[in-house]
Amino acid sequence: MPTQDTVTEVDVVIVGAGFAGINALYNMRRQGLSTVLLEAAHGVGGTWFWNKYPGARVDIESLEYSYGFRDDIQQEWSWSEKYAGQPEVERYLNWVTDRLDLRDHIRFGRTVTQMVFDDATSTWSTTATTDAGGSRAEERFRSPNVVLATGFLSTPNFPAIPGLDSYQGDLVHTGAWPDPSPELTGRRIGVIGTAASGVQVIQEASKVADHLTVFQRTANWCFPLRNSPMDPSYEAFVKEHYSEIRRLEHEARGPGMVLMDGRIVLPENRNALDVGPAERQSDFEWRWQAGGVHMGRSFADLVRSDEANAELRRFLEGKIRGIVRDPAIAEKLIPDYPPLSRRPPGESGYYEAFNRDNVELVDIHDDPVVEIVPEGVRLASGAVHEVDVLIFATGFDAATGAALRIDIRGRDGRLLSDHWADGARTLLGMMTSGFPNLYFVNGPQSPAFHFSPPLLCDFQTQYIGDLIGNVASKGLSTIEPTPEAELSWVEHANSVYAATLIWKTNSWWVGANIPGKPRQALAYGGGFALYKNRAVDAADGLREFVTA
Ligand code: NA7
């Protein structure tokens, strides 16, 4: 592949044009840093560019799942629904990009393959392949700083099932949905995977498929979303109180919520076992009716105590049995792990889909998929399910997958994949030792999916911009965490999970969805407020960093 002779020199190279990368680009530019953003896709959006499957939708309220870094931005944009669908989120990110004049600093169609740190000059050399101009070539960049905004959930997990190549129908993954989409109407559709993405695509496919086969290995506890067109008075209320809402969210242990009656509802600190059964039931019930993340915010001990969790489990079991008409199917849809110990999918008619005649639930826990054959899916029992479209909703190599697919070499040529061989090691999910001036946004061991990612990247990209400014103003050239600070953060993140039921349950939150991936806390579950305080502390006098 030809390599261009010219090397583009900038202060910062950012990788990825999703929520995090766009925000990073804005903040680096604001710091007066020359910046180029490299993006593999031919448009902005990141996750919201690739996940174009029918039904893809936020399940934190749109008014919250949006940038808070400038009041004009949050005032000017109007969401059409309480929970926006993928096309609207993609439109929003395009709007922000243009509104802030950022597009000229983005190079699309660039896949970053290598990043190498040069000890002598304290700079990173970044190589990207590009098909811009019609033929494939390599482009090179040199910069003191690199920011990986490569996404928490951006590397699709395609299970290695024999026979994938032999399949004759349309085979797609929710995380890399083709545009244009394969036709779903009137066809026989199979979906493997029944978590957040699977639930969304199953709901939509059930309405149009001739026959829908849902291959379920593990049932999940789904909470109703209760989406609706945006109520103008609600929108006006939120916009009027945005600064107060954002402040409260930053002080809370999870995403905040706002109700139409003017109450701001944040995660509760009281325990389920400290209140009586009637109060517990009525609390669960209003949250079930309100929808969204409320259910998981009701009592602090639900995710810590088996006994408290069993109360929520009983409530949710009753709901599933109340909706699904066939009792045998209802039992199959009741999970066998504690609710809230995995990411709860938001649903809008998921359970009802199993009351339809065209929807079939196939248990692949007891009768696993052994092969993909030309006409469909073959199970261990020998049963073959014929489908015209086979949808993999099998998730992602979360948190670390995207960074580890780039050949990243830090001090002394050390590979990131070696440094992280026993699990990701970061300070605050933003830096890793031995890799100076390399920053992650929404990285492993940051609050990521336990907070609102657009709000987290607001904080992190400002923080990173300040660190870069701080290093430059002191006449220094590099910054990286001390190995001790890094180890202590990793241990802290693990210990927070270890005190919860999350640790005992297998999920991508602990890396358990990818064979061979080390088990560890891939996010920080201690709450944004604690995280932020610790980050501010670390930056004070650069105590937890080595500089040179
Ligand atoms: P998840 O949460 O990782 O779910 C993947 C689903 O695919 C889950 O039901 C898995 O079952 C199933 N799966 C994965 N591999 C296999 C194989 N080999 N055979 C059968 N079934 C399999 O991914 P999502 O995309 O739904 O959600 C990830 C996040 O992205 C989510 O939080 C949203 O924010 C968007 P298992 O549970 O492993 O038995």
Side-chain angles (χ1 to χ4, degrees), residues 18-19 46-53 55-60 65 83-86 89 151-164 172-177 190-203 213-223 225 255 292-293 296 332-333 335-337 340-347 350 361-372 377-380 385 390-399 401-402 442 448-454 456 502 505-517 522-523:
F19 266 99
T47 286
W48 295 102
F49 179 92
W50 296 108
N51 283 259
K52 288 185 163 71
Y53 62 85
R57 181 176 295 290
V58 298
D59 53 13
I60 294 175
Y65 195 91
Y83 297 93
Q86 177 275 332
V89 181
F152 213 84
L153 296 156
S154 53
T155 307
N157 168 40
F158 244 114
I161 303 173
L164 276 174
V172 287
H173 192 290
T174 48
W177 196 262
V191 180
I192 299 180
T194 53
S197 306
V199 163
Q200 290 185 331
V201 80
I202 287 164
Q203 288 163 184
T213 311
V214 176
F215 296 97
Q216 175 186 274
R217 189 166 71 178
T218 308
N220 284 299
W221 298 103
C222 307
F223 299 155
L225 202 59
V293 298
K332 282 200 183 303
L333 289 168
D336 60 2
Y337 67 87
L340 301 176
S341 65
R342 282 176 153 210
R343 189 236 203 259
E347 64 85 29
Y350 178 67
L361 183 65
V362 173
D363 180 348
I364 57 166
H365 181 264
D366 293 344
D367 189 5
V369 175
V370 289
E371 191 182 2
I372 305 299
V377 177
R378 192 164 70 79
L379 307 184
H385 292 269
L390 183 55
I391 300 173
F392 278 79
T394 44
F396 302 88
D397 185 354
N442 285 345
F449 49 79
H450 294 302
F451 192 52
S452 173
L456 177 63
I502 294 171
T505 307
N506 283 336
S507 78
W508 58 264
W509 283 2
V510 292
N513 65 324
I514 303 292
K517 190 163 174 168
L522 282 172

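Sequential numbering from 1 along the given sequence is applied to the chain's residues. In listed order, ligands and their atoms are each counted from 1.
- Atom 9 (O) of ligand 1 has as its closest protein heavy atom Thr194 N, 2.9 Å.
- Taking CD of Gln216 as the start and CD1 of Ile364 as the end, the distance is 8.5 Å to the nearest 0.5 Å.
- Put simply, the side chain of Trp508 does not reach to within 4.5 Å of the side chain of Phe396, judged on heavy atoms.
- Residue contact check: Ser197 has heavy atoms under 4.0 Å from atoms 24 (P), 25 (O), 26 (O), 27 (O) of ligand 1.
- Between Ile161 and Phe392 there is a side-chain heavy-atom pair separated by less than 4.5 Å.
- Every atom of ligand 1 with a heavy atom of Arg343 under 4.0 Å away is listed here by number and element: 31 (C), 32 (O), 33 (C), 34 (O).
- Of the heavy atoms in Asp59, none comes closer than 4.0 Å to ligand 1.
- Atom 23 (O) of ligand 1 has Gly395 CA, 3.1 Å as its closest protein atom, hydrogens excluded (heavy atom only).
- Using a 4.5 Å heavy-atom cutoff, the side chains of Tyr65 and Pro454 are in contact.
- If you take OG1 on Thr505 and OH on Tyr337, they are separated by 8.0 Å, rounding to the nearest 0.5 Å.
- Residue contacts with ligand 1: Leu153 is included, with a non-hydrogen atom under 4.0 Å away.
- Counting heavy atoms closer than 4.0 Å to ligand 1, residue Ala398 contributes nothing at all.
- Close approach to Gly193 involves these atoms of ligand 1, each under 4.0 Å from a residue heavy atom: 6 (C), 7 (O), 9 (O), 12 (C).
- Going from atom CD of Gln200 over to atom OH of Tyr53 covers 3.5 Å, rounded to the nearest 0.5 Å.
- Among protein heavy atoms, atom 18 (N) of ligand 1 sits closest to Pro159 CB, 3.2 Å.
- Between Val89 and Phe19 the shortest side-chain heavy-atom distance falls below 4.5 Å.
- Of the polar atoms of Ala393, at least one N or O is found under 3.5 Å from an N or O of ligand 1, judged by distance alone.
- Looking at ligand 1, you won't find any N or O of Asn220 less than 3.5 Å from one of its N or O atoms.
- Residues Ile391 and Phe215 have side chains not in contact (no heavy-atom distance under 4.5 Å, counting atoms from C-beta outward).
- Atoms of ligand 1 found under 4.0 Å from any heavy atom of Ile364 (numbered from 1 in listed order, with element): 20 (C).
- Annotation: Arg217 places an N or O atom under 3.5 Å from an N or O atom of ligand 1; distance criterion only.
- The protein heavy atom nearest to atom 13 (N) of ligand 1 is Thr394 CG2, 3.7 Å.
- Looking at atom 4 (O) of ligand 1, its nearest protein heavy atom turns out to be Ala195 CB, 3.1 Å.
- Only side-chain heavy atoms of Arg342 come within less than 4.0 Å of ligand 1; its backbone N, CA, C and O stay farther off.
- For Ala196, heavy-atom contacts with ligand 1 shorter than 4.0 Å involve the backbone as well as the side chain.
- Residues Lys517 and Leu522 are in side-chain contact: their nearest non-hydrogen atoms beyond the backbone lie under 4.5 Å apart.
- With a 4.5 Å cut-off on side-chain heavy atoms, Leu379 and Val370 do not count as touching.
- Here is the list of ligand 1 atoms found below 4.0 Å of a heavy atom in Ile192: 20 (C), 21 (N).
- Ligand-side atoms of ligand 1 in range of Thr218: 36 (P), 37 (O), 39 (O), range being under 4.0 angstrom from any heavy atom.
- A cation-pi arrangement is absent between Arg343 and Phe449, since the terminal nitrogen or guanidinium carbon is not both under 6.0 Å from the aromatic centre and inside a 45° cone about the axis.
- Among all non-hydrogen protein atoms, the one lying nearest atom 2 (O) of ligand 1 is Trp508 NE1, 3.0 Å.
- Contact check for Leu333 versus Leu361: side-chain heavy atoms found under the 4.5 Å cut-off.
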